[in-house]
Engineer: 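Below: one structure in structure tokens.
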Amino acid sequence: MNCIEEVNGTASRIAPREGSIADVIAGRAEWAITSGDAVDFLELLPPGCVDAVWCDPPYCSGGFLETAKRRARGMLQAATIKRLGWFVNDNMGTTGLVWFLRAVAMRAARALRPSGHFGCFTDHRMIDALKPALESSGLRYANLLIWDKLTPGLGKGFRAQHEVVLHFVNRSPEYHASDEGNIHGVRRVPPKKKNHQTPKPPELIARHLRVVAPPGGLVVDPFVGGGGIGVAALRVGARFIGCDVDLGICEDARGALRAEAAALAAPARRERST
Ligand SMILES: C[S@@+](CC[C@H](N)C(=O)[O-])C[C@H]1O[C@@H](n2cnc3c(N)ncnc32)[C@H](O)[C@@H]1O
């Protein structure tokens, strides 16, 4: 990745460049975000070019019972949800989600290098359904990563304080760091934008990506949301391609990555002006 330059004898980063998907794949730019359906988007990637597909799809776990989820469908019509901008597809039944994410994993497996990794955020209620569905893509289940949010969520009894990442590997996985455990205590970030009710902290994702992607490697997130995974990818020096079905959300994510790119380049600019 040509993001490091020598300034006054000191290696400093220059701003990761925004480009097209083709530019990022060819190494002419460091990041791109496009709009579209996750399955269609992954289908278009050339085979064997991605180091890690790391994603945070809708969890669809709002109700334990399918009837509760069907009730949730009506929520899309509710004024509160319209006002808050509840993101699309979070009201799918479990079977729908299983079929959908299996299709995502199949295409991710095709796009991954043989050494590549696939990570999928979910919560404890969906593990039993999703793990075998994702495994049926041909990827091999490797680990369960725990995000400890350090404070319990809403509810009664044992209030959930964690979310998980189902981690799968392709044929001959390569690891790029070995100093991380599988439990990461990182405080959750409050949503800033109305579109993103479930932002993932880049500090958390950076701890995942430094293990599964080499510097200059390619990270792909087909559910980009507010861009947490993309911001983390730039932070660890990887290239990044993201996609979201919602045009407005894509624009928000681009804003987050532009801000991160500028922040990463700031020390280099300061060096130059002295
Ligand atoms: C849980 S959010 C991602 C949040 C993100 N990780 C962040 O840090 O802000 C899931 C995203 O998936 C998008 N989405 C839902 N269905 C999709 C589909 N079929 N294809 C692509 N994106 C989709 C939603 O618009 C939403 O932004």
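Computed from a prediction, not measured in an experiment: that's the story for all the values here. Remember, it's 1-based here, ligands and their atoms both numbered in the order they're listed.
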Engineer: CD of E203 to NE2 of H184: how many Å apart, nearest 0.5 Å?
Structural biologist: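 The distance works out to 13.0 Å.
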Engineer: Could you list which atoms of ligand 1 come closer than 4.0 Å to a heavy atom of P222?
Structural biologist: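 Counting from 1, the qualifying ligand atoms are 21 (C), 22 (N).
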Engineer: As an exercise, identify every atom of ligand 1 less than 4.0 angstrom from a heavy atom of D37.
Structural biologist: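 In order of numbering, the contacting atoms are 18 (C), 19 (N), 20 (N).
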Engineer: Show me which atoms of ligand 1 lie under 4.0 Å from any heavy atom of I249.
Structural biologist: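 Those qualifying, in numeric order: 25 (O), 27 (O).
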Engineer: What part of Y59 sits under 4.0 Å from ligand 1 if we count only heavy atoms: the side chain, the backbone, both or neither?
Structural biologist: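 Near ligand 1, Y59 shows nothing, with every heavy atom at 4.0 Å or more.
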Engineer: Just to be sure I read this right, does ligand 1 sit under 4.0 Å from the backbone of C243, its side chain, both, or neither, counting only heavy atoms?
Structural biologist: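 No part of C243 is near ligand 1 at this cut-off.
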Engineer: Which of the atoms in ligand 1, numbered in the order shown and given with their element, are less than 4.0 Å from a heavy-atom of G36?
Structural biologist: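 Numbered from 1, ligand 1 contributes 20 (N), 21 (C).
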Engineer: For G225, counting its heavy atoms only, list the atoms of ligand 1 lying under 4.0 Å from any of them.
Structural biologist: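 Contacts of ligand 1 toward G225, numbered from 1: 3 (C), 4 (C), 5 (C), 9 (O), 27 (O).
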Engineer: With a 6.0 Å cut-off on ring centres, are Y175 and H117 close enough?
Structural biologist: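 When the ring centroids of Y175 and H117 are compared, they turn out to be within the sub-6.0 Å range.
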Engineer: Please, which pairs that meet side-chain hydrogen bond (donor to acceptor under 3.5 Å, both in side chains) have at least one residue in residues 151-161, sequence neighbours excluded?
Structural biologist: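 Only D148-Q161 qualify under side-chain hydrogen bond (donor to acceptor under 3.5 Å, both in side chains).
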Engineer: Identify, by atom number and element, the atoms of ligand 1 in contact range of F100, meaning under 4.0 Å from any of its heavy atoms.
Structural biologist: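 Under 4.0 Å from F100, ligand 1 has these atoms: 18 (C), 19 (N).
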Engineer: Does V224 approach ligand 1 within less than 4.0 angstrom via side chain, backbone, both or neither, non-hydrogen atoms only?
Structural biologist: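 Backbone only.
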Engineer: Show which atoms of ligand 1 fall inside a sub-4.0 Å distance from at least one heavy-atom site of P199.
Structural biologist: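 Contacts of ligand 1 toward P199, numbered from 1: 7 (C), 8 (O), 9 (O).
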Engineer: Do any N/O atoms on K200 end up under 3.5 angstrom from N/O atoms on ligand 1?
Structural biologist: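 Looking only at distances, the answer is yes, because the N/O contact criterion of under 3.5 Å is met.
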Engineer: State whether the shortest distance between N or O atoms of V245 and N or O atoms of ligand 1 falls below 3.5 angstrom.
Structural biologist: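 The answer is yes, given that V245 and ligand 1 share an N or O pair closer than 3.5 Å.
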Engineer: Tell me if the aromatic rings of F100 and F223 count as close, with their centers under 6.0 Å from one another.
Structural biologist: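 So the answer is yes for these two rings.
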Engineer: N/O of A38 under 3.5 Å from N/O of ligand 1, yes or no?
Structural biologist: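 In this structure, A38 places an N or O atom under 3.5 Å from an N or O of ligand 1.
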Engineer: I want to know if ligand 1 touches I229 in the polar sense, i.e. an N/O pair below 3.5 angstrom.
Structural biologist: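 Among all N and O atoms of I229, none is under 3.5 Å from an N or O of ligand 1.
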Engineer: At under 4.0 Å between heavy atoms, is it the side chain or the backbone of D244 that contacts ligand 1, or both, or neither?
Structural biologist: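 Within the 4.0 Å criterion, D244 contacts ligand 1 through backbone and side-chain atoms alike.
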